[in-house]
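These notes are about the structure you will find just below.
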Amino acid sequence: MSEPMRAPKGTFDTLPPDSAQFLAVRDTLTAPLRRAGYGYIETPTFEDTAVFSRGVGESTDVVSKEMYTFTDRGGRSITLRPEFTAGVMRAFVEHRLYAGALPVKLWTAGSAFRYERPQAGRYRHFTQVSVEAIGVDDPALDAEVVALAAQGFRDLGLRDFELLLTSLGDATCRPQYRELLVDFLAKLDLDEDTRRRAEINPLRVLDDKRPEVQAQLDDAPLMVDHLSDSTKAHYDAVREHLTDLGVTWTEAPRLVRGLDYYTKTTFEFVHSGLGSQSAIGGGGRYDGLSAALGGPDLSGIGYAVGVDRTLLAVQAEGLDIATSAGVQAFVVPLGAEAKRLAVKLVGQLREAGVSADTVYGDRGLKGAMKAADRSGASHAVVLGDRDLAEGVAQLRDLRSHEQVAVPLGELFERVRATVGA
RNA sequence: GUGGGUGUAGCUCAGCUGGUAGAGCGCCAGGUUGUGAUCCUGGAUGUCGCGGGUUCAAGUCCCGUCACUCACCCCA
């Protein structure tokens, strides 16, 4: 036998029974969106590279060194999506959704890809739920979006998460603030890499985890202290709405996100159970994205939640979210004639909406009963030669161990009535 | 891209100063061709990550390499 193939570095398979938890997390995170009138959008897993380089920003790590970019057979530069917002905005612009009623409220879920060094909670292939509300710059919409994310986490039963909130300002105030910050950073004792980062994206330096850097940042100017009147009013209104919605948060004036398009309201949900990673979701408002992709100058707000990371958080809190899968009824045949009947019965039950299964391959009664036990079924139907000769089957309650003979003519209805929902 | 840790059965791991490969769980079968989750008995699965070196002898020591993993960085 040759070497077995392995999943590529930084990727993983989600297998039963864990996969049931994955589905539960994904569905729980999206349920509040569906209730809030968000429509589902599906966009390609890959886009023209320019969608991300223009949308996300050339200076970001995501674009500059983490994208899966390749030239396709037609000579086009193609990139596997490293996030969802740019692709959704591309579709929004391409299909002129802005010509209809605003805001356009959308959600999607699926795979995203970044070429990173993998570690706990960080993979090259990961799954996100992504949400956008585009076309209206209303603080109430910011609050709605944040609240919907929080609702998803709460619905999962998560307790140890925190909402970090700030405002990154906009074109009316961020350029001036940026100059202040650049001047401040220029006076610090920083290493080469950090100094370069201070020039490309000075805000990101505020987020540096190293104590020797943080120690120098105590007196750094903060965006929230230099907001223009309009962005300050916007941020105040967002906070009022969040309070009304019962969402609690922590002011995080040094919060910086990795994508360039964020303006005004910016937030991140963090959880401590993810090893070195902390963000389970994050997002914010983006003013320039639509225009950068050739659309009208419209603002939007959105967020992305990491499904895999949220699952890690769920597991870290020891939450039992996946109601066990398995079937309701399990049919145990003995002998060829019974086997044929079993296959037919299982088919009928499934058609009637009752989940059912039977054994395949040659298994003795003991092995078949063991399989019945493992299947999660509440009841087993035992079909043996002796029963068939008498025109009956044994319907066994696997929990109480009670067993009754049921005439074959009534079997289907009886099983359905006994285990059916 | 930089650093640390770990590679032994399907899984979790033990294996001392080198001396013929182990346990638990799981799986399969038997005890009972008519009954599972308990109990008893038996069985299968390993080029001990890979390559080289030292040695009479290497899972064990040395070198290299690959993989996984954690952390830096960055982020979901």
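What you see is a predicted model, and the numbers here were worked out from it, not measured in a lab. In what follows, every chain begins at residue 1, and chains take the letters A, B, ... in the order their sequences are listed.
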Query raised in the report: Does B:rC68 have OP1 or OP2 sitting under 4.0 Å from an N or O in the side chain of A:Arg6?
Result: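 False: A:Arg6 side-chain N/O out of range (4.0 Å or more) of B:rC68 OP1/OP2.
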Query - B:rC28 OP1/OP2 closer than 4.0 Å to side-chain N/O of A:Arg374 - result: yes
[M] and [N], which share atom name [atom1], separated by this distance in whole Å:
{"N": "B:rU60", "M": "B:rG51", "atom1": "P", "value": "13 Å"}
{"N": "B:rG34", "M": "B:rU45", "atom1": "C1'", "value": "32 Å"}
{"N": "B:rG26", "M": "B:rC63", "atom1": "C1'", "value": "38 Å"}
{"N": "B:rG64", "M": "B:rG5", "atom1": "P", "value": "13 Å"}
{"N": "B:rG30", "M": "B:rA9", "atom1": "C1'", "value": "23 Å"}
{"N": "B:rU32", "M": "B:rG42", "atom1": "C1'", "value": "16 Å"}
{"N": "B:rA14", "M": "B:rU8", "atom1": "P", "value": "10 Å"}
{"N": "B:rA29", "M": "B:rA44", "atom1": "C1'", "value": "10 Å"}

Using whole Å, report how far [atom1] of [X] lies from [atom2] of [N].
{"X": "A:Leu15", "N": "B:rG26", "atom1": "CG", "atom2": "P", "value": "20 Å"}
{"X": "A:Leu388", "N": "B:rG34", "atom1": "CG", "atom2": "C1'", "value": "12 Å"}
{"X": "A:Lys9", "N": "B:rG49", "atom1": "NZ", "atom2": "C1'", "value": "15 Å"}
{"X": "A:Gln119", "N": "B:rU6", "atom1": "CD", "atom2": "P", "value": "19 Å"}
{"X": "A:Lys366", "N": "B:rU32", "atom1": "NZ", "atom2": "C1'", "value": "8 Å"}
{"X": "A:Met67", "N": "B:rC75", "atom1": "CE", "atom2": "P", "value": "15 Å"}
{"X": "A:Phe161", "N": "B:rA76", "atom1": "CZ", "atom2": "P", "value": "17 Å"}
{"X": "A:Tyr262", "N": "B:rA76", "atom1": "OH", "atom2": "C1'", "value": "10 Å"}

Query raised in the report: Closest nucleotide of RNA chain B for A:Lys65 versus for A:Tyr115: which of these residues is on the 5' side?
Result: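 Of the two residues, A:Tyr115 wins.
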Query raised in the report: For A:Ala120 and A:Val305, take the nucleotide of RNA chain B holding the closest heavy atom to each; which residue's nucleotide lies nearer the 5' end?
Result: A:Ala120
Query raised in the report: Any idea how A:Phe161 and A:Phe269 line up, ring-wise: parallel (<30°), tilted (30 to 60°), or perpendicular (>60°)?
Result: tilted
Query - Whether A:Tyr115 and A:Tyr68 hold their rings parallel, tilted or perpendicular, with breakpoints at 30° and 60° - result: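 Answer is perpendicular, since the angle exceeds 60°.
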Checking contacts here: which listed nucleotide ([options]) is nearest the side-chain heavy atoms of [X]?
{"X": "A:Arg363", "options": "B:rC28, B:rU35, B:rC70", "value": "B:rC28"}
{"X": "A:Gln403", "options": "B:rC39, B:rC72, B:rG34", "value": "B:rG34"}
{"X": "A:Glu116", "options": "B:rA76, B:rU2, B:rU35", "value": "B:rA76"}
{"X": "A:Glu268", "options": "B:rA76, B:rA71, B:rU35", "value": "B:rA76"}
{"X": "A:Arg117", "options": "B:rG1, B:rG34, B:rC75", "value": "B:rG1"}
{"X": "A:Gln394", "options": "B:rA76, B:rG34, B:rG3", "value": "B:rG34"}

Mind checking if [X] touches a base, just sugar-phosphate, or nothing, with heavy atoms under 4.0 Å?
{"X": "A:Gly335", "value": "nothing"}
{"X": "A:Arg114", "value": "base"}
{"X": "A:Phe269", "value": "nothing"}
{"X": "A:Gly281", "value": "sugar-phosphate"}
{"X": "A:Leu398", "value": "base"}

Looking at the base of [N], is there any donor atom on it, or on the side chain of [X], that sits under 3.5 Å from an acceptor on the other one?
{"X": "A:Arg309", "N": "B:rC75", "value": "yes"}
{"X": "A:Arg257", "N": "B:rC74", "value": "no"}
{"X": "A:Arg396", "N": "B:rG36", "value": "yes"}
{"X": "A:Asp387", "N": "B:rG34", "value": "yes"}
{"X": "A:Arg204", "N": "B:rC74", "value": "no"}

Requested in this report: Please determine if A:Arg239 forms a cation-pi arrangement with A:Tyr235, meaning its NZ or CZ atom is less than 6.0 Å from the six-membered ring centre and no more than 45° off the ring axis.
Outcome: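 Checked: cation-pi criterion met.
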**Report entry** Pair A:Thr30, A:Arg26: side-chain N/O donor-acceptor within cut-off below 3.5 Å
**Finding:**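 Judged by distance alone, the side chains do not pair up.
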Query - Candidates A:Tyr261, A:Phe92, A:Tyr262 - the one meeting side chain to side chain contact (heavy atoms under 4.5 Å, CB included) with A:Leu289 - result: A:Tyr261
Report task. Please check if the side chain of A:Thr127 supplies one atom and the backbone of A:Asp308 the other of a donor-acceptor pair under 3.5 Å. Result ->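 Not at all, since once roles are kept as given, no pair shorter than 3.5 Å links the two residues.
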Query raised in the report: Does A:Arg174 reach the main-chain N or O of A:Lys264 with its side chain, forming a donor-acceptor pair under 3.5 Å?
Result: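 Answer holds: no.
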**Report entry** A:Arg340/A:Lys344 under side-chain contact (heavy atoms from CB on, under 4.5 Å): CA gap, chis, key distance, verdict
**Finding:** CA-CA 6 Å; A:Arg340 197 172 160 195; A:Lys344 183 178 171 187; over 6 Å; no
Report task. With pairs defined as Watson-Crick or G-U wobble and both distances under 3.5 angstrom, please note down RNA chain B as a dot-bracket string, | for pairing with another strand. Result -> (((((((..((((.....[..)))).(((((.......))))).....(((((..]....))))))))))))....
Report summary line: Which of A:Phe84, A:Tyr303, A:Tyr40, A:Tyr38 passes ring-ring contact (aromatic ring centres under 6.0 Å, His included) with A:Trp107? Answer is A:Tyr40
**Report entry** Lys/Arg N to Asp/Glu carboxylate O, A:Arg35 vs A:Asp155, below 4.0 Å
**Finding:**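 Yes, this pair counts.
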